[in-house]
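Comments concern the structure below.
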Amino acid sequence: MPELPEVQTVVTELNRKLSGKKIVEVSVRLPKIVALGPGTLPPKRRAQVHKVIKFIKLLKGQKIKSVTRRAKIIIIDFYGPLSLLVHLKMTGQFIYFRKSQLQKRVRILNKPTAPLLSLPTKYTHVIFTFTDGAKLFFNDTRQFGYLKLVSDAELPHVRELQEFGPEPLARAFSSQVFENILKRRPNMPIKQLLVDQSLIAGIGNIYSDEISFRAKVRPARRVKTLNEKERHAVFAAIPFILKKGIAAKGSSVGDFVRTDGSWGTMGKYHYVYMRAGQPCKICGTMIRSMKFGARTSSFCPKCQK
DNA sequence: TGGATTTCCTGTCCGC
DNA sequence: TGCGGACAGGAAATCC
């Protein structure tokens, strides 16, 4: 499940690999995965053939200037007046192979038992081919992700780029900024607040659980019940945990893979996420889990108050 | 306006 | 061996 550290890993790698490359061919194998223009995607996405044709036509011949990120959205910027916005959601993957690597086989599911597959697989929905024969594959098992092509003029009107809270690794994300966010949602469980993209950008289920653990605060604690020390512990844990995730090239619990198909290593450093029923690495107490709406949150009942 | 709920989607896992 | 159902979850839409 790509969150800020996973998306940052992909962005760093793609920026290095794709900058200066020119697209010669675009293959869209699942039409509903691509979109044009700034509007939000309807709940039930329908394939619109004319849009797919236009999507391909606009991208052919484009040269990539840079690959950046806002929250969990990947922004591929072209020298022309276009940007491609990509959201990986839960199971989206970008895998890049040079021409000489195209026969390479990878495990796109992060289990040792998953089969080694050559690309494209049946989950490969979009393929970009570059002038040097290299290819970029977009895979997405659950089809929640999307690739949205917008013009530079449309960029300020893209709703999903407007409604993000501050970047938690930016210098501007001070303790005062965090305190102000907490003041806006006194009744919210701290876990809910951490994953709300309109309040803080980029944190999802994995990292919110790990941040709560490091701060020794239970995910269900309502914001207004946190004392000053606890609030500061949460604030300090946010960049600490996110930077750790980036250093490990992401967590590969779930379906995340790096752009060469290899796995991130953050998973083995998790204290609580996906560890319900296992002993706490600090105190040995059984890790418990609870539900917030549709989301599961794990915590140590002894280490976290 | 905040908060809860539903929806999109498919692979995996568990019980029978 | 196969089937049904629960579950996983980011975030938009919808409802109260």
Side-chain angles (χ1 to χ4, degrees), chain A residues 1-8 10 29-35 37-48 69-74 85-93 107-115 117 121-125 138-148 157-165 168 181-210 219-220 222-224 250-257 267 270 272-277 289-298:
Chain A
M1 278 124 252
E3 301 179 24
L4 190 153
E6 288 76 25
V7 175
Q8 185 60 54
V10 170
R29 295 148 48 98
L30 184 68
K32 68 163 191 176
I33 220 86
V34 306
T40 52
L41 293 105
K44 193 108 184 168
R45 284 190 252 161
R46 287 180 301 123
Q48 290 177 284
R69 173 188 72 73
R70 173 73 173 110
K72 300 176 197 169
I73 293 180
I74 297 167
L85 310 180
V86 183
H87 202 310
L88 303 174
K89 292 288 178 98
M90 252 99 65
T91 53
Q93 306 172 332
R107 283 194 178 85
I108 62 166
L109 294 173
N110 287 287
K111 293 194 305 179
T113 55
L117 302 170
T121 72
K122 66 170 171 169
Y123 309 116
T124 304
H125 306 314
F138 179 78
N139 303 329
D140 190 355
T141 314
R142 288 183 210 166
Q143 305 175 12
F144 281 10
Y146 61 81
L147 295 86
K148 183 187 284 187
H157 308 291
V158 178
R159 198 178 133 188
E160 64 258 43
L161 286 176
Q162 305 309 311
E163 301 187 349
F164 285 129
I181 292 168
L182 295 177
K183 281 196 191 111
R184 285 165 59 191
R185 293 289 189 279
N187 292 311
M188 207 179 234
I190 186 67
K191 196 240 167 43
Q192 298 277 87
L193 180 137
L194 290 171
V195 300
D196 189 325
Q197 301 303 298
S198 69
L199 298 175
I200 306 170
I203 301 172
N205 218 22
I206 299 174
Y207 292 93
S208 59
D209 275 6
E210 295 300 321
R222 292 193 188 271
V223 166
K224 64 183 175 191
S251 165
S252 281
V253 174
D255 298 341
F256 174 70
V257 293
H270 290 337
V272 285
Y273 181 75
M274 286 287 273
R275 294 196 68 249
S289 72
M290 63 176 295
K291 284 262 188 183
F292 284 93
R295 284 167 148 161
T296 304
S297 183
S298 303

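Computed over heavy atoms, backbone and side chain alike; hydrogens, waters and symmetry mates excluded. Chain letters run A, B, ... following the sequence lines, proteins first and then strands; every chain starts at 1.
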Do A/Lys224 and A/Leu182 have side-chain heavy atoms sitting under 4.5 Å apart?
no
Main-chain N/O of [Y] paired with [X] side-chain donor or acceptor, under 3.5 Å:
X        : Y        : answer
A/Glu210 : A/Val272 : yes
A/Gln197 : A/Gly202 : yes
A/Arg69  : A/Ala71  : yes
A/Gln93  : A/Asn139 : no

Given [options], the nucleotide with the shortest approach to the side chain of [X]:
X        : options                : answer
A/Met90  : B/dG11, C/dG10, C/dA11 : C/dG10
A/Lys89  : C/dA11, B/dG11, C/dG9  : C/dA11
A/Lys291 : C/dA8, B/dG3, C/dA11   : C/dA8
A/Arg185 : B/dT10, C/dA11, B/dG3  : B/dG3

Between [N] ([atom2]) and [X] ([atom1]): distance, integer Å:
X        : N      : atom1 : atom2 : value
A/Leu199 : C/dG10 : CG    : P     : 15 Å
A/Arg184 : B/dT1  : CZ    : C1'   : 12 Å
A/Gln192 : B/dT1  : CD    : P     : 20 Å
A/Ile200 : C/dG10 : CD1   : C1'   : 16 Å
A/Arg222 : B/dG3  : CZ    : P     : 8 Å
A/Met290 : C/dG9  : CE    : P     : 14 Å
A/Tyr273 : C/dC7  : OH    : C1'   : 12 Å
A/Lys191 : B/dG3  : NZ    : C1'   : 17 Å

With five pairs defining each end axis, the helix from B/dG2-C/dC16 to B/dC16-C/dG2 comes out bent, to 10°, by 50°
Qualifying residues under ring-ring contact (aromatic ring centres under 6.0 Å, His included), relative to A/Tyr207, sequence neighbours excluded
none
Sequence-distant partners of [X], side chain to side chain donor-acceptor pair (under 3.5 Å), two or more places apart:
X        : answer
A/Lys32  : A/Gln143
A/Ser198 : A/Asp196
A/Arg29  : none

Considering heavy-atom distances to DNA chain C, does A/Gly204 or A/Arg159 have its closest nucleotide positioned more toward the 5' end?
A/Gly204
Within the structure shown, what part of the strands sits under 4.0 Å from A/Thr296 by heavy-atom distance: base, sugar-phosphate, or nothing?
sugar-phosphate
I would like to know whether A/Lys291 and A/Thr296 meet side-chain contact (heavy atoms from CB on, under 4.5 Å); could you show each step before the answer?
CA-CA 5 Å; A/Lys291 284 262 188 183; A/Thr296 304; 3.9 Å; yes
In numerical order, the residues of residues 139-147 of chain A whose heavy atoms come under 4.0 Å of DNA chain C are A/Arg142, A/Phe144
Phosphate contact (C/dG10 OP1 or OP2) by A/His87 side-chain N/O below 4.0 Å
no
Verify the contact: side-chain N or O of A/Lys32 to OP1 or OP2 of B/dC9, cut-off strictly under 4.0 Å; return yes or no.
yes
